[in-house]
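Please read the structure below before turning to the comments.
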There are 2 protein chains.
Amino acid sequence: MTTAATDKRRVILDAAVRVFARQGFHTCRVSDIADEAGVAYGLVYHYFSSKEQILDTLFLERWDVMLAAIAEADESPRAPQDKLGAIAGFIIDSYRHDPDLMKVIIVEVTRAANTFGLTHLGKIRDAYAGIAAIVAGAQQEGRFRTDVTPEFAAQAFYGSVEQVLTGWIFDSTPVGEEELERAKTMIVQTICCGLELQSTGPGKKSA
Amino acid sequence: MTTAATDKRRVILDAAVRVFARQGFHTCRVSDIADEAGVAYGLVYHYFSSKEQILDTLFLERWDVMLAAIAEADESPRAPQDKLGAIAGFIIDSYRHDPDLMKVIIVEVTRAANTFGLTHLGKIRDAYAGIAAIVAGAQQEGRFRTDVTPEFAAQAFYGSVEQVLTGWIFDSTPVGEEELERAKTMIVQTICCGLELQSTGPGKKSA
DNA sequence: TGCCACACTGACTGACCAGTCAATCGATCC
DNA sequence: GGATCGATTGACTGGTCAGTCAGTGTGGCA
(Lines give C-alpha, C1' and ligand atoms only; values in the text may rest on other atoms or scores of the structure.)
Protein backbone atom coordinates (compact mmCIF):
# COMPACT_ATOMS: atom_id res chain seq x y z
CA MET A 1 0.00 0.00 0.00
CA THR A 2 3.00 2.30 -0.21
CA THR A 3 1.60 3.82 -3.38
CA ALA A 4 0.09 7.15 -4.27
CA ALA A 5 -2.06 6.89 -1.15
CA THR A 6 0.76 6.98 1.40
CA ASP A 7 2.67 9.34 -0.84
CA LYS A 8 0.01 12.02 -0.55
CA ARG A 9 0.01 11.63 3.20
CA ARG A 10 3.74 12.24 3.17
CA VAL A 11 3.35 15.18 0.81
CA ILE A 12 0.88 16.75 3.22
CA LEU A 13 3.15 16.17 6.21
CA ASP A 14 6.13 17.70 4.43
CA ALA A 15 4.06 20.68 3.32
CA ALA A 16 2.83 21.12 6.90
CA VAL A 17 6.43 21.30 8.14
CA ARG A 18 7.16 24.12 5.74
CA VAL A 19 3.96 25.99 6.54
CA PHE A 20 4.27 25.57 10.32
CA ALA A 21 7.88 26.72 10.16
CA ARG A 22 7.02 29.73 8.05
CA GLN A 23 3.79 30.92 9.65
CA GLY A 24 3.51 29.08 12.93
CA PHE A 25 0.92 26.51 13.90
CA HIS A 26 -1.63 28.90 15.34
CA THR A 27 -1.33 31.49 12.61
CA CYS A 28 -1.56 29.24 9.58
CA ARG A 29 -4.73 27.91 8.01
CA VAL A 30 -5.36 24.33 7.01
CA SER A 31 -5.91 25.65 3.50
CA ASP A 32 -2.32 26.94 3.54
CA ILE A 33 -1.13 23.38 4.11
CA ALA A 34 -3.36 22.04 1.36
CA ASP A 35 -2.14 24.73 -1.05
CA GLU A 36 1.50 24.12 -0.16
CA ALA A 37 0.96 20.40 -0.75
CA GLY A 38 -0.84 21.06 -4.05
CA VAL A 39 -3.82 19.12 -2.79
CA ALA A 40 -7.49 19.78 -2.20
CA TYR A 41 -8.53 21.10 1.17
CA GLY A 42 -10.64 18.07 2.01
CA LEU A 43 -7.84 15.61 1.40
CA VAL A 44 -6.06 16.84 4.49
CA TYR A 45 -8.99 15.54 6.51
CA HIS A 46 -8.93 12.27 4.64
CA TYR A 47 -5.53 11.52 6.12
CA PHE A 48 -5.67 13.43 9.38
CA SER A 49 -8.50 13.97 11.79
CA SER A 50 -7.49 17.51 12.72
CA LYS A 51 -4.88 20.20 12.21
CA GLU A 52 -3.51 19.28 15.61
CA GLN A 53 -3.04 15.65 14.64
CA ILE A 54 -0.69 16.72 11.86
CA LEU A 55 1.58 18.43 14.36
CA ASP A 56 1.35 15.45 16.71
CA THR A 57 2.40 13.13 13.92
CA LEU A 58 5.37 15.28 12.97
CA PHE A 59 6.54 15.56 16.55
CA LEU A 60 6.19 11.86 17.43
CA GLU A 61 7.86 10.69 14.22
CA ARG A 62 10.99 12.65 15.04
CA TRP A 63 11.01 12.48 18.82
CA ASP A 64 10.87 8.69 18.86
CA VAL A 65 13.98 8.63 16.71
CA MET A 66 15.68 10.92 19.19
CA LEU A 67 14.69 8.82 22.18
CA ALA A 68 16.21 5.84 20.39
CA ALA A 69 19.41 7.81 19.79
CA ILE A 70 19.61 8.73 23.47
CA ALA A 71 19.03 5.14 24.55
CA GLU A 72 21.67 3.92 22.12
CA ALA A 73 24.19 6.44 23.43
CA ASP A 74 23.47 5.38 26.99
CA GLU A 75 23.99 1.69 26.21
CA SER A 76 27.20 2.21 24.27
CA PRO A 77 30.50 1.55 26.04
CA ARG A 78 31.80 5.04 25.40
CA ALA A 79 32.92 7.61 27.95
CA PRO A 80 30.08 9.78 29.31
CA GLN A 81 31.49 12.83 27.54
CA ASP A 82 31.27 10.97 24.26
CA LYS A 83 27.72 9.81 25.02
CA LEU A 84 26.64 13.41 25.53
CA GLY A 85 28.59 14.36 22.43
CA ALA A 86 26.70 11.74 20.45
CA ILE A 87 23.36 13.15 21.60
CA ALA A 88 24.34 16.73 20.85
CA GLY A 89 25.60 15.53 17.49
CA PHE A 90 22.35 13.75 16.74
CA ILE A 91 20.26 16.82 17.51
CA ILE A 92 22.51 19.09 15.49
CA ASP A 93 22.48 16.67 12.58
CA SER A 94 18.69 16.62 12.79
CA TYR A 95 18.77 20.37 12.37
CA ARG A 96 21.21 20.12 9.48
CA HIS A 97 18.98 17.54 7.77
CA ASP A 98 15.67 19.37 8.27
CA PRO A 99 15.87 22.77 9.97
CA ASP A 100 12.19 23.48 9.40
CA LEU A 101 11.13 20.33 11.21
CA MET A 102 13.37 21.09 14.17
CA LYS A 103 12.03 24.62 14.27
CA VAL A 104 8.46 23.33 14.42
CA ILE A 105 9.24 20.77 17.11
CA ILE A 106 11.11 23.23 19.31
CA VAL A 107 8.89 26.25 18.85
CA GLU A 108 5.46 24.63 18.66
CA VAL A 109 5.80 21.60 20.89
CA THR A 110 8.82 21.49 23.16
CA ARG A 111 8.39 24.99 24.53
CA ALA A 112 4.63 25.33 24.24
CA ALA A 113 3.82 24.74 27.87
CA ASN A 114 0.14 25.11 27.29
CA THR A 115 -1.27 23.35 24.26
CA PHE A 116 0.98 20.60 22.93
CA GLY A 117 3.68 20.66 25.51
CA LEU A 118 1.21 19.15 27.95
CA THR A 119 0.08 16.46 25.53
CA HIS A 120 3.59 15.27 24.91
CA LEU A 121 5.05 16.09 28.30
CA GLY A 122 5.69 12.42 28.99
CA LYS A 123 7.71 11.90 25.82
CA ILE A 124 9.65 15.10 26.41
CA ARG A 125 10.48 14.02 29.96
CA ASP A 126 11.66 10.67 28.66
CA ALA A 127 14.40 12.49 26.82
CA TYR A 128 15.55 14.37 29.93
CA ALA A 129 15.42 11.15 31.91
CA GLY A 130 17.60 9.40 29.34
CA ILE A 131 20.22 12.12 29.55
CA ALA A 132 20.00 12.16 33.34
CA ALA A 133 20.65 8.41 33.35
CA ILE A 134 23.91 8.97 31.49
CA VAL A 135 24.97 11.60 34.00
CA ALA A 136 23.97 9.42 36.95
CA GLY A 137 26.03 6.54 35.52
CA ALA A 138 29.04 8.80 35.12
CA GLN A 139 28.64 9.96 38.72
CA GLN A 140 28.55 6.40 39.99
CA GLU A 141 31.72 5.64 38.08
CA GLY A 142 33.30 8.64 39.75
CA ARG A 143 33.77 10.44 36.46
CA PHE A 144 31.26 13.29 37.01
CA ARG A 145 30.92 15.51 40.05
CA THR A 146 28.03 14.63 42.36
CA ASP A 147 27.10 18.06 43.68
CA VAL A 148 25.04 18.70 40.55
CA THR A 149 22.02 16.42 40.34
CA PRO A 150 21.64 14.29 37.19
CA GLU A 151 18.21 15.82 36.52
CA PHE A 152 19.63 19.30 36.70
CA ALA A 153 22.60 18.40 34.53
CA ALA A 154 20.24 16.94 31.93
CA GLN A 155 18.20 20.15 31.85
CA ALA A 156 21.32 22.26 31.53
CA PHE A 157 22.72 20.09 28.76
CA TYR A 158 19.52 19.84 26.77
CA GLY A 159 18.78 23.52 27.35
CA SER A 160 22.16 24.53 25.96
CA VAL A 161 21.65 22.48 22.84
CA GLU A 162 18.12 23.73 22.28
CA GLN A 163 19.15 27.33 22.83
CA VAL A 164 21.91 27.06 20.26
CA LEU A 165 19.40 25.65 17.77
CA THR A 166 16.99 28.43 18.67
CA GLY A 167 19.71 30.92 17.87
CA TRP A 168 20.10 29.38 14.42
CA ILE A 169 16.34 29.21 13.93
CA PHE A 170 15.96 32.92 14.64
CA ASP A 171 19.00 33.85 12.63
CA SER A 172 18.32 35.25 9.20
CA THR A 173 21.61 34.01 7.71
CA PRO A 174 21.88 30.25 7.15
CA VAL A 175 24.36 28.34 9.28
CA GLY A 176 27.51 26.94 7.71
CA GLU A 177 28.57 23.29 7.94
CA GLU A 178 31.63 24.36 9.83
CA GLU A 179 29.63 26.11 12.50
CA LEU A 180 27.39 23.08 12.98
CA GLU A 181 30.41 20.86 13.59
CA ARG A 182 32.08 23.40 15.81
CA ALA A 183 28.95 23.65 17.95
CA LYS A 184 29.06 19.93 18.71
CA THR A 185 32.44 20.12 20.35
CA MET A 186 31.76 23.45 22.04
CA ILE A 187 28.66 22.06 23.74
CA VAL A 188 30.52 19.11 25.17
CA GLN A 189 33.45 21.32 26.13
CA THR A 190 31.20 23.77 27.93
CA ILE A 191 29.02 21.31 29.78
CA CYS A 192 31.69 18.76 30.65
CA CYS A 193 34.74 20.94 31.24
CA GLY A 194 33.13 24.28 32.02
CA LEU A 195 34.08 27.77 30.96
CA GLU A 196 36.70 28.34 33.62
CA LEU A 197 40.31 27.93 32.73
CA GLN A 198 41.65 25.03 34.75
CA SER A 199 44.27 27.01 36.62
CA THR A 200 46.82 24.21 36.86
CA GLY A 201 48.59 24.90 40.06
CA PRO A 202 48.41 28.42 41.51
CA GLY A 203 44.97 29.87 42.23
CA LYS A 204 42.91 26.73 42.86
CA LYS A 205 39.21 27.32 43.30
CA SER A 206 37.42 24.63 45.27
CA ALA A 207 33.78 23.72 44.63
CA MET B 1 -2.72 60.68 37.16
CA THR B 2 -1.79 57.59 39.14
CA THR B 3 -5.34 57.15 40.25
CA ALA B 4 -8.11 54.73 39.41
CA ALA B 5 -7.23 55.17 35.76
CA THR B 6 -3.74 53.71 35.91
CA ASP B 7 -4.93 51.20 38.49
CA LYS B 8 -7.34 49.60 36.06
CA ARG B 9 -4.62 49.41 33.46
CA ARG B 10 -2.49 47.53 35.96
CA VAL B 11 -5.42 45.30 36.92
CA ILE B 12 -5.86 44.37 33.27
CA LEU B 13 -2.16 43.65 32.81
CA ASP B 14 -2.05 41.46 35.90
CA ALA B 15 -5.15 39.61 34.82
CA ALA B 16 -3.63 39.09 31.37
CA VAL B 17 -0.57 37.49 32.93
CA ARG B 18 -2.75 34.96 34.72
CA VAL B 19 -4.88 34.25 31.67
CA PHE B 20 -1.93 33.97 29.27
CA ALA B 21 -0.16 31.65 31.71
CA ARG B 22 -3.23 29.48 32.16
CA GLN B 23 -4.56 29.27 28.61
CA GLY B 24 -1.83 30.57 26.37
CA PHE B 25 -1.89 33.73 24.30
CA HIS B 26 -3.35 32.21 21.15
CA THR B 27 -5.97 30.12 22.90
CA CYS B 28 -7.40 32.74 25.21
CA ARG B 29 -10.00 35.33 24.33
CA VAL B 30 -9.83 39.00 25.14
CA SER B 31 -13.08 38.51 27.05
CA ASP B 32 -11.24 36.04 29.31
CA ILE B 33 -8.85 38.82 30.26
CA ALA B 34 -11.69 41.25 30.88
CA ASP B 35 -13.53 38.69 33.01
CA GLU B 36 -10.40 37.84 34.99
CA ALA B 37 -9.84 41.56 35.60
CA GLY B 38 -13.49 42.07 36.58
CA VAL B 39 -13.80 44.73 33.93
CA ALA B 40 -15.95 45.33 30.89
CA TYR B 41 -14.73 43.97 27.58
CA GLY B 42 -14.43 47.39 25.99
CA LEU B 43 -12.19 48.76 28.73
CA VAL B 44 -9.39 46.54 27.58
CA TYR B 45 -9.41 48.47 24.31
CA HIS B 46 -9.52 51.74 26.17
CA TYR B 47 -6.06 51.03 27.55
CA PHE B 48 -4.57 48.82 24.87
CA SER B 49 -4.91 48.96 21.13
CA SER B 50 -4.86 45.19 20.65
CA LYS B 51 -4.51 41.85 22.39
CA GLU B 52 -0.97 41.72 21.06
CA GLN B 53 -0.06 45.04 22.63
CA ILE B 54 -0.88 43.66 26.06
CA LEU B 55 1.66 40.91 25.60
CA ASP B 56 4.20 43.39 24.22
CA THR B 57 3.77 45.58 27.27
CA LEU B 58 4.22 42.69 29.69
CA PHE B 59 7.32 41.50 27.91
CA LEU B 60 9.01 44.87 27.59
CA GLU B 61 8.27 45.86 31.20
CA ARG B 62 10.12 42.83 32.49
CA TRP B 63 12.80 42.43 29.85
CA ASP B 64 14.09 45.96 30.29
CA VAL B 65 14.59 45.25 33.98
CA MET B 66 16.55 42.14 33.05
CA LEU B 67 18.73 44.01 30.58
CA ALA B 68 19.52 46.48 33.34
CA ALA B 69 20.43 43.62 35.68
CA ILE B 70 22.76 42.15 33.08
CA ALA B 71 24.42 45.51 32.46
CA GLU B 72 24.82 46.06 36.18
CA ALA B 73 26.41 42.64 36.62
CA ASP B 74 28.80 43.33 33.78
CA GLU B 75 29.90 46.67 35.23
CA SER B 76 30.40 45.34 38.76
CA PRO B 77 33.93 44.53 39.86
CA ARG B 78 33.08 40.91 40.71
CA ALA B 79 34.64 37.77 39.29
CA PRO B 80 33.02 36.57 36.04
CA GLN B 81 31.61 33.51 37.81
CA ASP B 82 29.86 35.80 40.25
CA LYS B 83 28.57 38.02 37.45
CA LEU B 84 26.97 35.01 35.79
CA GLY B 85 25.70 33.90 39.18
CA ALA B 86 24.08 37.29 39.67
CA ILE B 87 22.28 37.00 36.34
CA ALA B 88 21.10 33.45 37.01
CA GLY B 89 20.01 34.63 40.43
CA PHE B 90 18.08 37.54 38.99
CA ILE B 91 16.20 35.33 36.54
CA ILE B 92 15.42 32.74 39.18
CA ASP B 93 14.24 35.43 41.58
CA SER B 94 12.03 36.79 38.81
CA TYR B 95 10.47 33.36 38.61
CA ARG B 96 10.07 33.18 42.36
CA HIS B 97 8.41 36.59 42.40
CA ASP B 98 6.01 35.98 39.51
CA PRO B 99 6.13 32.52 37.95
CA ASP B 100 3.16 33.24 35.69
CA LEU B 101 4.86 36.25 34.14
CA MET B 102 8.05 34.32 33.49
CA LYS B 103 6.03 31.52 31.96
CA VAL B 104 4.34 33.94 29.59
CA ILE B 105 7.60 35.62 28.61
CA ILE B 106 9.42 32.37 27.97
CA VAL B 107 6.63 30.42 26.32
CA GLU B 108 4.90 33.15 24.34
CA VAL B 109 7.73 35.52 23.44
CA THR B 110 11.25 34.22 23.92
CA ARG B 111 10.69 30.94 22.11
CA ALA B 112 7.99 31.99 19.68
CA ALA B 113 10.22 32.27 16.64
CA ASN B 114 7.34 33.35 14.43
CA THR B 115 5.00 35.91 15.90
CA PHE B 116 6.47 37.83 18.82
CA GLY B 117 9.93 36.46 18.83
CA LEU B 118 10.57 38.33 15.62
CA THR B 119 9.15 41.58 16.96
CA HIS B 120 11.37 41.52 20.00
CA LEU B 121 14.33 39.75 18.48
CA GLY B 122 16.51 42.80 19.00
CA LYS B 123 15.78 43.05 22.71
CA ILE B 124 16.28 39.33 23.16
CA ARG B 125 19.62 39.48 21.39
CA ASP B 126 20.67 42.38 23.61
CA ALA B 127 20.48 40.00 26.54
CA TYR B 128 22.68 37.40 24.87
CA ALA B 129 25.11 40.12 23.87
CA GLY B 130 25.33 41.34 27.45
CA ILE B 131 26.16 37.88 28.71
CA ALA B 132 28.62 37.35 25.87
CA ALA B 133 30.36 40.58 26.87
CA ILE B 134 30.95 39.20 30.37
CA VAL B 135 32.42 36.01 28.94
CA ALA B 136 34.59 37.94 26.49
CA GLY B 137 35.90 40.06 29.34
CA ALA B 138 36.74 36.97 31.37
CA GLN B 139 38.56 35.50 28.39
CA GLN B 140 40.64 38.62 27.94
CA GLU B 141 41.60 38.50 31.60
CA GLY B 142 42.68 34.89 31.07
CA ARG B 143 40.04 33.56 33.44
CA PHE B 144 37.85 31.74 30.89
CA ARG B 145 38.97 29.36 28.15
CA THR B 146 39.06 30.85 24.69
CA ASP B 147 38.15 27.80 22.59
CA VAL B 148 34.48 28.45 23.29
CA THR B 149 33.23 31.65 21.68
CA PRO B 150 31.58 34.22 23.97
CA GLU B 151 28.42 34.11 21.84
CA PHE B 152 28.19 30.37 22.18
CA ALA B 153 28.87 30.48 25.90
CA ALA B 154 26.12 33.07 26.31
CA GLN B 155 23.64 30.82 24.49
CA ALA B 156 24.63 27.82 26.55
CA PHE B 157 24.37 29.75 29.80
CA TYR B 158 21.06 31.39 29.03
CA GLY B 159 19.70 28.16 27.58
CA SER B 160 20.51 26.27 30.74
CA VAL B 161 18.75 28.82 32.90
CA GLU B 162 15.70 28.99 30.67
CA GLN B 163 15.47 25.22 30.46
CA VAL B 164 15.51 24.89 34.22
CA LEU B 165 12.73 27.44 34.44
CA THR B 166 10.83 25.59 31.73
CA GLY B 167 11.11 22.45 33.81
CA TRP B 168 9.53 24.24 36.74
CA ILE B 169 6.88 25.80 34.52
CA PHE B 170 5.82 22.40 33.19
CA ASP B 171 6.00 20.77 36.57
CA SER B 172 2.71 20.22 38.32
CA THR B 173 4.20 20.44 41.82
CA PRO B 174 5.31 23.90 42.96
CA VAL B 175 9.01 24.47 43.45
CA GLY B 176 10.42 24.90 46.95
CA GLU B 177 12.51 27.85 48.08
CA GLU B 178 15.38 25.52 48.69
CA GLU B 179 15.35 24.19 45.16
CA LEU B 180 15.34 27.72 43.75
CA GLU B 181 18.45 28.61 45.73
CA ARG B 182 20.15 25.33 44.93
CA ALA B 183 19.56 25.89 41.21
CA LYS B 184 21.47 29.18 41.32
CA THR B 185 24.67 27.56 42.48
CA MET B 186 24.23 24.47 40.30
CA ILE B 187 23.94 26.60 37.18
CA VAL B 188 27.16 28.44 37.90
CA GLN B 189 28.88 25.22 38.92
CA THR B 190 27.83 23.48 35.73
CA ILE B 191 28.61 26.26 33.28
CA CYS B 192 31.81 27.52 34.88
CA CYS B 193 33.37 24.35 36.26
CA GLY B 194 31.70 21.69 34.10
CA LEU B 195 30.32 18.30 34.98
CA GLU B 196 33.63 16.44 34.82
CA LEU B 197 35.45 15.65 37.95
CA GLN B 198 38.79 17.42 37.73
CA SER B 199 40.88 14.27 37.65
CA THR B 200 43.90 15.71 39.44
CA GLY B 201 46.70 13.64 38.09
CA PRO B 202 45.99 10.21 36.57
CA GLY B 203 43.69 9.90 33.55
CA LYS B 204 43.99 13.34 31.98
CA LYS B 205 41.76 13.95 28.95
CA SER B 206 42.99 16.62 26.59
CA ALA B 207 40.59 18.69 24.45
C1' DT C 1 -26.71 73.64 39.06
C1' DG C 2 -25.08 72.54 34.76
C1' DC C 3 -21.37 71.21 31.85
C1' DC C 4 -17.38 68.75 30.32
C1' DA C 5 -14.15 65.13 29.95
C1' DC C 6 -13.14 60.79 30.40
C1' DA C 7 -13.58 56.18 32.57
C1' DC C 8 -16.36 52.61 31.63
C1' DT C 9 -19.97 49.36 29.56
C1' DG C 10 -21.38 45.44 26.64
C1' DA C 11 -24.14 44.38 22.52
C1' DC C 12 -22.96 44.01 17.94
C1' DT C 13 -20.50 43.06 13.44
C1' DG C 14 -17.59 41.51 10.06
C1' DA C 15 -14.13 38.41 9.08
C1' DC C 16 -12.10 34.28 9.43
C1' DC C 17 -11.50 29.37 9.48
C1' DA C 18 -11.79 24.33 11.17
C1' DG C 19 -14.15 20.73 9.91
C1' DT C 20 -18.16 18.46 6.93
C1' DC C 21 -20.08 16.24 3.13
C1' DA C 22 -22.06 15.25 -1.22
C1' DA C 23 -20.27 14.65 -5.53
C1' DT C 24 -16.61 13.18 -8.92
C1' DC C 25 -12.69 10.56 -10.44
C1' DG C 26 -10.21 6.53 -11.65
C1' DA C 27 -8.18 2.08 -10.73
C1' DT C 28 -9.27 -2.80 -10.42
C1' DC C 29 -11.80 -6.88 -10.81
C1' DC C 30 -15.54 -9.76 -12.67
C1' DG D 1 -19.20 -2.72 -19.68
C1' DG D 2 -20.30 -1.89 -15.28
C1' DA D 3 -19.91 -2.51 -10.32
C1' DT D 4 -17.18 -1.39 -6.36
C1' DC D 5 -14.45 1.30 -3.46
C1' DG D 6 -11.00 4.28 -2.02
C1' DA D 7 -8.87 8.69 -3.34
C1' DT D 8 -9.87 13.28 -4.28
C1' DT D 9 -12.40 17.60 -4.75
C1' DG D 10 -13.97 22.20 -2.99
C1' DA D 11 -18.24 24.67 -1.73
C1' DC D 12 -20.48 25.30 2.38
C1' DT D 13 -21.67 25.81 7.45
C1' DG D 14 -21.52 26.83 12.13
C1' DG D 15 -19.16 28.83 15.53
C1' DT D 16 -15.79 31.82 17.31
C1' DC D 17 -13.73 36.15 18.42
C1' DA D 18 -11.05 40.61 17.73
C1' DG D 19 -12.18 44.95 17.53
C1' DT D 20 -15.99 48.84 17.24
C1' DC D 21 -19.07 52.17 18.88
C1' DA D 22 -22.98 54.38 20.70
C1' DG D 23 -24.23 55.11 24.95
C1' DT D 24 -24.09 55.48 30.38
C1' DG D 25 -21.97 56.71 34.87
C1' DT D 26 -19.21 60.03 37.57
C1' DG D 27 -16.03 63.35 39.47
C1' DG D 28 -14.47 67.95 39.15
C1' DC D 29 -14.94 72.61 38.11
C1' DA D 30 -17.18 77.04 37.14
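Keep in mind it's a predicted model, so treat the numbers as computed, not measured. Proteins get letters first, then strands, A, B, ... in listed order; numbering begins at 1 in each.
- Rounding to whole angstrom units, CD1 of residue B:I12 and P of C:dA7 are separated by 11 Å.
- Taking atom CZ on B:R29 and atom C1' on C:dG10, their separation rounds to 15 Å, with Å as the unit.
- Considering only residues two or more places apart in sequence or on other chains, B:S94 meets the side chain to side chain contact (heavy atoms under 4.5 Å, CB included) condition with B:R62, B:F90, B:M102.
- The side chain of A:H46 contributes an N or O atom lying less than 4.0 Å from OP1 or OP2 of D:dA7.
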Exercise for review: Carefully, step by step, assess A:R96 and A:E181 under the rule side chain to side chain contact (heavy atoms under 4.5 Å, CB included).
Suggested key: CA-CA 10 Å; A:R96 190 210 313 269; A:E181 285 309 312; 2.7 Å; yes

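- Looking at residues two or more places apart in sequence or on another chain, you find a side chain to side chain contact (heavy atoms under 4.5 Å, CB included) between B:A34 and B:V44.
- In this structure, the NE2 atom of A:H26 is 14 Å from the P atom of C:dC17, given to the nearest Å.
- Close to C:dA7, at under 4.0 Å from its OP1 or OP2, lies no side-chain N or O of B:K8.
- For the side chain to side chain contact (heavy atoms under 4.5 Å, CB included) test, residues two or more places apart in sequence or in another chain that qualify with B:S50 are B:E52, B:Q53.
- The nearest pair of heavy atoms linking A:I92 to A:A183 is CD1-CB, 4.0 Å.
- To the nearest 0.5 angstrom, B:L165 atom CG is 4.5 Å from B:I106 atom CD1.
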Nucleotide N/O of nucleotides 19-21 of chain C paired with protein N/O under 3.5 Å:
| from | atom 1 | to | atom 2 | distance (Å) |
| --- | --- | --- | --- | --- |
| C:dG19 | OP2 | A:Y45 | OH | 3.0 |
| C:dG19 | OP2 | A:K51 | N | 3.2 |
| C:dG19 | N7 | A:Y41 | OH | 2.5 |

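- Here B:Y128 pairs with A:Q163 under the side-chain hydrogen bond (donor to acceptor under 3.5 Å, both in side chains) rule; sequence neighbours left out.
- For the segment residues 53-60 of chain A, no residue has any heavy atom less than 4.0 angstrom from an atom of DNA chain C.
- Between A:Y158 and A:W63, the ring planes are perpendicular. Angles over 60° get that label, and only those under 30° would be called parallel.
- Closest to the side chain of A:V39, from the set C:dA18, C:dC8, D:dT9, is D:dT9.
- Side-chain contact of A:R29 with A:Q23: a donor-acceptor pair under 3.5 Å is absent, judged by distance alone.
- For B:Y47 and D:dG19, the OH to C1' distance is 18 Å, given to the nearest whole Å.
- Taking atom CG on A:L43 and atom P on C:dT24, their separation rounds to 18 Å, with Å as the unit.
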